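Working notes, structure below.
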Amino acid sequence: MTIVVRFPPSPTGFMHIGNARTALFNWLYAKHHGGKFLLRIEDTDRERSTPEAVEVILQGLQWLGMDWDNKNYPGRNYYSQFAERERHAAVAQQLLTEGKAYYCYCSPEELEAMRAEQKAKGQPMRYDGRWRDRSASEAPAGVNPVIRLKAPLTGETVVRDLVLGEVTVQNTQMDDMVLLRADGTPTYMLAVVVDDHDMGITHVMRGDDHFTNTFRQVQIYKAMGWDVPQFAHFPMILGPDGGKLSKRHGAASVTDFRDQGYLPEALINYLLRLCWAHGDDEIISVEQAIAWFDMDGVGKSAARFDYTKLSSLNAHYIKQRPDRELTQLVQPFLETRLSRALTAAETARLTQAMPDLKPRAQTLLEIADMAKFYFDAQPLDEKAQKLLTPEAKQVLTDLAVRLDTLDDFTTEAVEAACRGYAEEKGLKLGNVAQPLRAAISGSTVSPPIFGAVALIGKDEAQRRLRSAA
RNA sequence: GUCCCCUUCGUCUAGAGGCCUAGGACAUUACCCUUUCACGGUAGUAACACGGGUUCGAAUCCCGUAGGGGACGCCA
């Protein structure tokens, strides 16, 4: 049997990182087993669904490198739940005809009152089935009814979850859920089941916030006489404080991470290790992940998102990337910071500086910040100003003269000149390099300064030296 | 309130009854390297939620307690 999984986001804003993790686990599972990974946009909520949000999801998946296998639909390259609304309604009608569902004429206000009363009395909040056995002749005039499932009143529903194991819930714990709204549109419960069935989904794998829904969905499968798929529920990803992970923690959507200079491979590697492990392995390539990923490695407890660990992984993958690729990735960030475009020569310079830049950065944004002074003179920060004592300024004046005599303005030549100067004056190299660093970079902290001086060139170096001295 | 799930270093986790004096990674501390900051290297601090069982033996199995999370919509 070919394994078919799906990723069903609803296009109501951004793509939460928890959703990305769910997508990743599904994608990996499909790849590992040679199955199919399908994308279904759950756009039945017309109020909140937007084409922009769909685009964000599509781009997010592409950026992370997760390709989906169902792209041939009229007018779009993903399965749209909304497009199937007639099919969903037909299923509800079928259930109605077969006596497995019924019309309920309760108004939203009436239901709200019912729940309020139940809550006040400390009773479980459930629809009490008041229209379950009433005949249509009692229907109030002018009210569009919803269709509810006539759920079993006795017995129990069992789910064998690939992660959580076998769990049983008494049917008395579940009420008659709404399948079709008064306006004829399907509810989520109906739509997922019908779509999963129609799409031939063999494994429904999602966040465990859906776990209790599963029991209700199984009732729909049974009512329709359909095979129940395998289920797997992954623990949730929490914020560092144990609460819901949100933007207030720093970043929560795929777009946020991209815009903050994280590499997709770092994010993938990090996400992979949340709630999943393969022995002591930490740095795992996508190829390796495909080979290793399976349900037996998935844990049961929720994980907290740790930005620090993500950053260290990002730093690792930055070091792995070729300089040219990094240049391309960093350039947009840098141009924003410089408020101007880089010339071709400057782009080449960025690539040359990259070996000095990349071991020092955790994000592409940090590289851009660090690289600014290679292109435009930066104002001296407080520490740099403090460092430029009269003695230090004398050093700068002397250095300007020395550097002017260099024919070959290479890293080695600059370094040799500085070392020679320090030796002559009986100064420690640091007493020469630090003022030089301050003058050239505007800061007391920078990539190796001799190389930077060489890259900036003699003229610009002279300018900065004189202006600081 | 009802139901469901979870619980190993600060964090992510390894661990499928003896291999555990509980391992790795990130973070953290110290030292080495060094023109600054990093990188890299070496060493260190740090955890089986609690209480009962079962067993010759439990982080691992069972039962309670506590704590955390989730679900209870004509949202998905």
Side-chain angles (χ1 to χ4, degrees), chain A residues 8-10 12 42-45 47-49 81 104 106-108 111-112 115 118-127 144-148 161 163-165 167-170 172-175 177-183 185-189 191-192 207-216 233 235-236 238 240 242-244 270 273-283 296 299-313 315 319 356-362 370 387 415 418-419 422 428-434 436-438 441 443-450:
Chain A
S10 58
T12 53
E42 305 213 325
D43 49 1
T44 49
D45 185 339
E47 301 277 302
R48 301 197 298 156
S49 298
Q81 188 160 70
C104 166
C106 289
S107 67
L111 292 173
E112 209 169 299
R115 283 188 203 105
Q118 288 169 338
K119 191 168 188 177
K121 286 185 183 169
Q123 294 170 338
M125 292 187 287
R126 288 187 212 111
Y127 175 67
N144 285 329
V146 299
I147 294 180
R148 286 184 184 270
D161 190 273
V163 174
L164 298 172
V167 181
T168 303
V169 167
Q170 297 304 312
T172 50
Q173 294 300 325
M174 293 178 275
D175 61 6
M177 77 195 100
V178 173
L179 299 175
L180 208 64
R181 299 186 188 106
D183 65 2
T185 59
T187 60
Y188 163 73
M189 290 293 175
V192 243
D208 73 9
D209 48 336
H210 285 283
F211 189 58
T212 46
N213 287 335
T214 307
F215 296 87
R216 310 170 135 255
H233 289 86
M236 314 223 64
L238 275 19
K244 268 205 172 83
Y270 181 69
R273 287 288 290 99
L274 288 184
C275 310
W276 181 84
H278 182 268
D280 284 338
D281 295 299
E282 295 285 348
I283 304 288
D296 54 7
K300 292 182 173 186
S301 47
R304 296 186 184 207
F305 199 94
D306 182 0
Y307 292 93
T308 312
K309 186 156 183 178
L310 201 217
S311 290
S312 88
L313 239 19
K319 284 178 217 128
D356 284 344
L357 254 12
K358 66 180 179 182
R360 267 159 257 271
Q362 298 210 300
M370 236 184 305
L387 186 138
E415 176 161 1
C418 290
R419 283 186 187 276
K428 288 204 285 189
L429 187 57
N431 290 328
V432 176
Q434 279 306 85
L436 176 63
R437 187 187 314 281
S441 75
S443 165
T444 54
V445 176
S446 83
I449 200 61
F450 304 131

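Below, chains carry the letters A, B, ... as their sequence lines are ordered, and counting in each starts from 1. The model shown is predicted, which means the values in this text are computed figures rather than measured ones.
A straight line from CD of A:E47 to C1' of B:rG73 spans 15 Å, rounded to a whole angstrom. Distance NZ (A:K300) to P (B:rU60): 14 Å, rounded to an integer number of Å. Per the geometry, CD1 belonging to A:I147 stands 14 Å off P belonging to B:rC74, to the nearest Å.
Nearest nucleotide to the A:T187 side chain, out of B:rC74, B:rA14, B:rC12: B:rC74. Here B:rC74 is the nucleotide among B:rC12, B:rC74, B:rC72 with the atom lying nearest to any side-chain atom of A:V146. You'll find that the side chain of A:R48 is closest to B:rC75, out of B:rG10, B:rC75, B:rU35. Checking B:rC26, B:rU35, B:rC6 against the side-chain heavy atoms of A:D306 singles out B:rC26 as nearest. Of the candidate nucleotides B:rG40, B:rU11, B:rC6, B:rC6 has the atom lying nearest to any side-chain atom of A:S301. Nearest nucleotide to the A:T212 side chain, out of B:rU35, B:rC4, B:rC74: B:rC4. Closest approach to the A:L111 side chain among B:rG70, B:rC74, B:rC3 is made by B:rC74 (side chain taken as heavy atoms from C-beta onward). Looking at the side chain of A:D209, the nearest of the listed nucleotides B:rA71, B:rC72, B:rU35 is B:rA71. Among the nucleotides B:rC74, B:rC75, B:rC4, the one closest to the side chain of A:V169 is B:rC4.
In this structure, B:rG57 makes no Watson-Crick or G-U wobble pair, since no nucleotide meets both defining distances under 3.5 angstrom. When both distances must be under 3.5 Å, the Watson-Crick or G-U wobble mate of B:rA14 does not exist. Nucleotide B:rC72 is matched to B:rG1 when pairs are restricted to Watson-Crick or G-U wobble geometry with both distances under 3.5 angstrom. Checking B:rA22 for Watson-Crick or G-U wobble geometry (two distances, each under 3.5 Å) identifies no partner in any strand. Pairing partner, B:rG40: B:rC32, with both Watson-Crick or wobble hydrogen-bond distances short of 3.5 Å. The pairing partner recorded for B:rG67 is B:rC6, the criterion being a Watson-Crick or G-U wobble arrangement whose two distances lie under 3.5 angstrom.
Below the 3.5 angstrom threshold, one finds no donor paired with an acceptor across the side chain of A:R304 and the base of B:rU11. Side-chain to base pairing of A:R360 with B:rC37: one donor and one acceptor N or O lie within less than 3.5 Å of each other. Judged by atom type and distance alone, A:Q123 does not reach the base of B:rG1 through any side-chain donor-acceptor pair under 3.5 Å. Residue A:D280 places a side-chain atom within donor-acceptor reach of the base of B:rG23, judged by atom type and a 3.5 Å distance cut-off alone. A donor N or O paired with an acceptor N or O is found under 3.5 Å between the base of B:rA25 and the side-chain atoms of A:K309.
Residue A:H233 is classed as having no contact, given no heavy-atom separation below 4.0 Å to the nucleic acid. Nucleic acid contact class of A:P447 (heavy atoms, under 4.0 Å, all strands): base. If you check every strand for non-hydrogen atoms under 4.0 Å, A:P448 touches a base. Looking at heavy-atom distances under 4.0 Å, A:P359 makes contact with sugar-phosphate atoms alone, never a base. Among the protein residues, A:E282 comes within range of the nucleic acid bases, having at least one heavy atom under 4.0 Å from a base atom. No contact: A:K358 has no heavy atom under 4.0 Å from any strand. Across all strands shown, A:C418 has no heavy atoms under 4.0 Å from either base or sugar-phosphate atoms.
A sub-4.0 Å separation between OP1 or OP2 of B:rC74 and a side-chain N or O of A:R115 is present. The side chain of A:R181 contributes an N or O atom lying less than 4.0 Å from OP1 or OP2 of B:rA76. At the phosphate of B:rA76, OP1 or OP2 sits under 4.0 Å from a side-chain N or O atom of A:T44.
Mapping A:R437 and A:D208 onto RNA chain B via the closest heavy atom, the residue that lands nearer the 5' end is A:R437. Each of A:A303 and A:I449 was matched to the nucleotide of RNA chain B holding its nearest heavy atom; the match closer to the 5' end belongs to A:A303.
Note: A:W276 and A:H278 have parallel aromatic rings, judged against thresholds of 30 and 60 degrees for the angle between ring planes.
In summary, A:D175 and A:R216 engage in a salt bridge, as defined by a charged side-chain N under 4.0 Å from a carboxylate O.
Distance check on atom P: B:rC32 versus B:rU36 gives 13 Å, rounded to whole Å. Separating the C1' atom of B:rC62 from that of B:rA43 is a span of 43 Å, rounded to the nearest Å. A gap of 33 Å separates the P atoms of B:rC74 and B:rU7, to the nearest Å. Between B:rA59 and B:rG15, the distance separating the two C1' atoms is 8 Å to the nearest Å. Nucleotides B:rG40 and B:rC61 place their C1' atoms 46 Å apart, quoted to the nearest Å. B:rU45 and B:rG53: their P atoms are spaced 34 Å apart (whole Å). The separation of B:rG24 from B:rA14, taken at their P atoms, amounts to 15 Å, rounded to a whole angstrom. To the nearest whole angstrom, the two C1' atoms, one in B:rA71 and one in B:rC9, are 32 Å apart.
In textbook terms, a nucleotide whose glycosidic angle is within 90° of 0 is syn, while B:rC9, being further out, is anti.
Annotation for A:K319: atom NZ counts as buried by contact number, over 12 foreign heavy atoms lying within 6.0 Å. For A:Q123, the CD atom sits in a packed shell: over 12 heavy atoms of surrounding residues, nucleotides or ligands are nearer than 6.0 Å.
In this structure a side-chain-to-backbone donor-acceptor pair under 3.5 Å is present from A:R126 to A:Q173. Under a 3.5 Å cut-off, the side chain of A:R437 and the backbone N or O of A:P447 do form a donor-acceptor pair.
For the pair A:S10 and A:Y188, the minimum side-chain heavy-atom distance is 4.5 Å or more. Side chains of A:V192 and A:E42 form a contact here, defined as non-hydrogen atoms less than 4.5 Å apart.
One distance of note links CG of A:L436 with CG of A:L429; it measures 9.5 Å at 0.5 Å rounding.
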